[in-house]
Amino acid sequence: MSRRRCSRTACGRSAVKTLTYVYSDQTAVLGPLATYAEPHAYDLCELHSERLSAPRGWEVLRLASDITSRGPSSDDLLALADAVREAARPPEPAPPIHSADDPRRGEKRGHLRVFSSE
């Protein structure tokens with residue numbers, strides 16, 4: 001698996017953050033490294049992400065990366081275990097099919113069925 005490199009020209013460091021722009025809000029958003037490389041996002045190394053500045057009048061929004069969330073959490077593992085248990089559970093039995101002489105079926109008259117009120 002190849003690691004993504006910093007998008008800055010002549011920088012060979014590994015990318016650790018992803019920069020995106022919200023032009024309508026004049027905001028630059030710097031967050032954790034995106035899962036996939038996007039064509040309109042810029043992957044930056046630690047050095048270039050720390051030195052990032054935005055055009056005058058723009059706001060830089062720096063999203064904190066949660067280092068502890070790099071793997072599945074205990075909630076994720078419990079949800080997965082519950083899903084496996086649910087998939088392995090045998091299906092509930094179908095309701096019994098009543099025979100033709102069962103009084104609960106009612107009397108058939110043409111395409112209608114008449115039930116007694118008893």
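- In this structure the side chain of R13 reaches within 4.5 angstrom of the side chain of H48, judged on heavy atoms.
- Taken to the nearest 0.5 Å, the CG atom of L47 stands 7.0 Å off from the SG atom of C11.
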Let me check something: any side-chain donor-acceptor pairs from residues 53-64 under 3.5 Å, sequence neighbours excluded? List them with distances.
{"unit_1": "R62", "atom_1": "NH1", "unit_2": "S49", "atom_2": "O", "d": "2.9"}
{"unit_1": "R62", "atom_1": "NH2", "unit_2": "L52", "atom_2": "O", "d": "3.2"}

Got a list of side-chain donor-acceptor pairs under 3.5 Å for residues 18-31, not counting sequence neighbours?
{"unit_1": "T18", "atom_1": "OG1", "unit_2": "A34", "atom_2": "N", "d": "2.8"}
{"unit_1": "T18", "atom_1": "OG1", "unit_2": "D43", "atom_2": "OD1", "d": "3.0"}
{"unit_1": "T27", "atom_1": "OG1", "unit_2": "D25", "atom_2": "O", "d": "3.0"}

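- Atoms NZ and OG, on K17 and S7 in that order, are 15.0 Å from each other to the nearest 0.5 Å.
- Under the side chain to side chain contact (heavy atoms under 4.5 Å, CB included) criterion, R5 pairs with S14, sequence neighbours left out.
- Apart from Y36 itself, the hydrophobic cluster it occupies contains nothing, where clustering links Ile, Leu, Val, Met, Phe, Trp and Tyr at side-chain heavy-atom distances under 4.5 Å.
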